[in-house]
**Student:** 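Here it is: the structure, laid out below.
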Number of protein chains: 2
Amino acid sequence: MKLTSGVEQAACIIVMLSTQAADIPVTSDVISERLGVSPSYLKKIMRKLVVGGLIKSVPGVNGGFILAKTPASIPIIDLVDAIEGNEPIFQSTGLVRKAFGDIDVAEKGVLKFENIVNEAQEAFRAKLSNMTVEKFLQETIDTNEIQVKDWNQISDEDND
Amino acid sequence: MKLTSGVEQAACIIVMLSTQAADIPVTSDVISERLGVSPSYLKKIMRKLVVGGLIKSVPGVNGGFILAKTPASIPIIDLVDAIEGNEPIFQSTGLVRKAFGDIDVAEKGVLKFENIVNEAQEAFRAKLSNMTVEKFLQETIDTNEIQVKDWNQISDEDND
DNA sequence: TCTATTATGGATAAAAGATATCCACTATCT
DNA sequence: AGATAGTGGATATCTTTTATCCATAATAGA
């Protein structure tokens, strides 16, 4: 019952791309240096975000990654889903049947238990669906005007 | 973002103890055989449930484990907490500071993000607090009368 | 069209956490 | 005192996550 650290990495990536000057892709090397992970590993994370539909990749010279949609239309849950998938948090391994036998009441119990946890998970997801990247950024910087910059032009030493 | 399989094991254990004749402890060997795990491993799980306050251990001859409270006063969340702990599902590893520098806005962002996820987790926990072991059992067996038995007297072959 | 640049994908290694077991020890009941 | 049952430490195994390298594919620009 932990989110993987990939979620924090993804959050940083999305924040960078959300504050990136429009139409200028950020290269994965720039991001990997800033996050302190290897270029090749970072690309795996980027790929998950591409597959998840949060960002787009631009190959070739002056390529890199850009947001696939506006920060206003990216709920936080999408970020979690992209990195972790959205499988049920609980799925029976068949233990109940092993312990109590392959009988109706056991089967019903398994389904009921899975259902209870699923509903809790849905409540969790609903909360993270209500918060968008834009709202999160605006509340963090205390203004509705999100400044953009070109991260490709900023060295690792300069901060902010 | 997965519950460990220990939760399913714990659920089976609590169901057994909830249908156990009052004041007759069930030995861990009986439970371990039924769940198909080694006696020593099962005892680790039992211990977590003891520490979590769900069950009580009775050492010595004719000892074993009994529920520490009625099924009506055990919410499902207690079971999850006992096995998994109840740490925040998301905690920053310090990556944000590394990426964006040790500045106020970064610090604020980390706190805000942790907060968002914490609230989602609370929604999850609230759902699992509303369902008790008793309610779960009653809805599973379709009656309010929960039959008790002595699991120590039932071989692994007999089912239910 | 050629070349430099950038992302993609497969193979694989290292680290961490979950799962599992053994055994020596302690506590209790009869 | 002796048998029974839980406790706790050490440790092994498995799975997942984290991470890296390198060969390949795709694109932009000269």
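Proteins get letters first, then strands, A, B, ... in listed order; numbering begins at 1 in each.
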**Student:** side-chain hydrogen bond (donor to acceptor under 3.5 Å, both in side chains) with B:Asn62: which residues, sequence neighbours excluded?
**Tutor:** none

**Student:** I'd like to check the salt bridge (Lys or Arg N to Asp or Glu O under 4.0 Å) partners of B:Glu87; sequence neighbours left out, ordered by chain and number.
**Tutor:** none

**Student:** Does B:Thr93 reach the side chain of B:Lys98, with side-chain heavy atoms less than 4.5 Å apart?
**Tutor:** no

**Student:** Write down the distance between CD1 (B:Ile31) and C1' (D:dA5), rounded to a whole number of angstrom.
**Tutor:** 12 Å

**Student:** With a 4.0 Å heavy-atom cut-off, tell me which residues in residues 36-57 of chain A come close to DNA chain C, sorted by residue number.
**Tutor:** A:Lys43, A:Lys44, A:Arg47, A:Ser57

**Student:** Considering only residues two or more places apart or on different chains, which pairs with a residue in residues 55-74 of chain B satisfy salt bridge (Lys or Arg N to Asp or Glu O under 4.0 Å)?
**Tutor:** B:Lys69-B:Asp78

**Student:** Show me the protein contacts with nucleotides 28-30 of chain C, counting only N or O atoms at under 3.5 Å.
**Tutor:**
none

**Student:** With a cut-off of less than 4.0 Å, is there a side-chain N or O of A:Gln9 near OP1 or OP2 of D:dA19?
**Tutor:** yes

**Student:** What residues, two or more places apart in sequence or in another chain, satisfy salt bridge (Lys or Arg N to Asp or Glu O under 4.0 Å) together with B:Asp142?
**Tutor:** A:Lys108

**Student:** Within the structure, does a side-chain N or O atom of B:Thr4 lie under 4.0 Å from either OP1 or OP2 of C:dT19?
**Tutor:** yes

**Student:** On DNA chain C, nearest-nucleotide positions of A:Gly64 versus A:Met1: which is more 5'?
**Tutor:** A:Gly64

**Student:** OP1 or OP2 of D:dG6 less than 4.0 angstrom from a side-chain nitrogen or oxygen of B:Ser28, does that happen here?
**Tutor:** yes

**Student:** Taking the side chain as everything from C-beta on, heavy atoms only, tell me whether B:Ile74 gets closer than 4.5 Å to B:Leu79.
**Tutor:** no

**Student:** So if I take residues 15-24 of chain A and measure heavy-atom distances to DNA chain D, which residues fall below 4.0 Å?
**Tutor:** none

**Student:** Let me know the distance between CD of B:Glu8 and C1' of C:dA18, rounded to the nearest Å.
**Tutor:** 15 Å

**Student:** Atom CG of B:Leu3 and atom CD of B:Glu84: how far apart are they, to the nearest 0.5 Å?
**Tutor:** 5.0 Å

**Student:** Test side chain to side chain contact (heavy atoms under 4.5 Å, CB included) on A:Asn152 and A:Gln20; report intermediate values, then the result.
**Tutor:** CA-CA 9 Å; A:Asn152 297 309; A:Gln20 171 68 17; 4.1 Å; yes

**Student:** Applying side-chain hydrogen bond (donor to acceptor under 3.5 Å, both in side chains) as the test, list every pair that has at least one member in residues 119-129 of chain B; sequence neighbours left out.
**Tutor:** B:Asp81-B:Arg125

**Student:** Can you name the side-chain contact (heavy atoms from CB on, under 4.5 Å) partners of A:Ser40, sequence neighbours left out?
**Tutor:** A:Ser38

**Student:** Rounded to the Å, how far apart are A:Asp29 CG and C:dA4 P?
**Tutor:** 17 Å

**Student:** May I have all residue pairs that pass ring-ring contact (aromatic ring centres under 6.0 Å, His included) and include part of residues 111-138 of chain B, sequence neighbours excluded?
**Tutor:** A:Phe113-B:Phe136, A:Phe136-B:Phe113, B:Phe90-B:Phe113

**Student:** From A:Leu137 CG over to A:Thr143 OG1, what is the distance, rounded to the nearest 0.5 angstrom?
**Tutor:** 11.0 Å

**Student:** Of all residues at least two apart in sequence or in a different chain, which pass the side-chain hydrogen bond (donor to acceptor under 3.5 Å, both in side chains) check with A:Thr27?
**Tutor:** none

**Student:** Can you list, by residue number, the residues of residues 75-96 of chain A that have a non-hydrogen atom closer than 4.0 angstrom to DNA chain D?
**Tutor:** none

**Student:** Check the phosphate of C:dT19 against B:Ser5, side-chain N and O only, distance under 4.0 Å to OP1 or OP2. Yes or no?
**Tutor:** yes

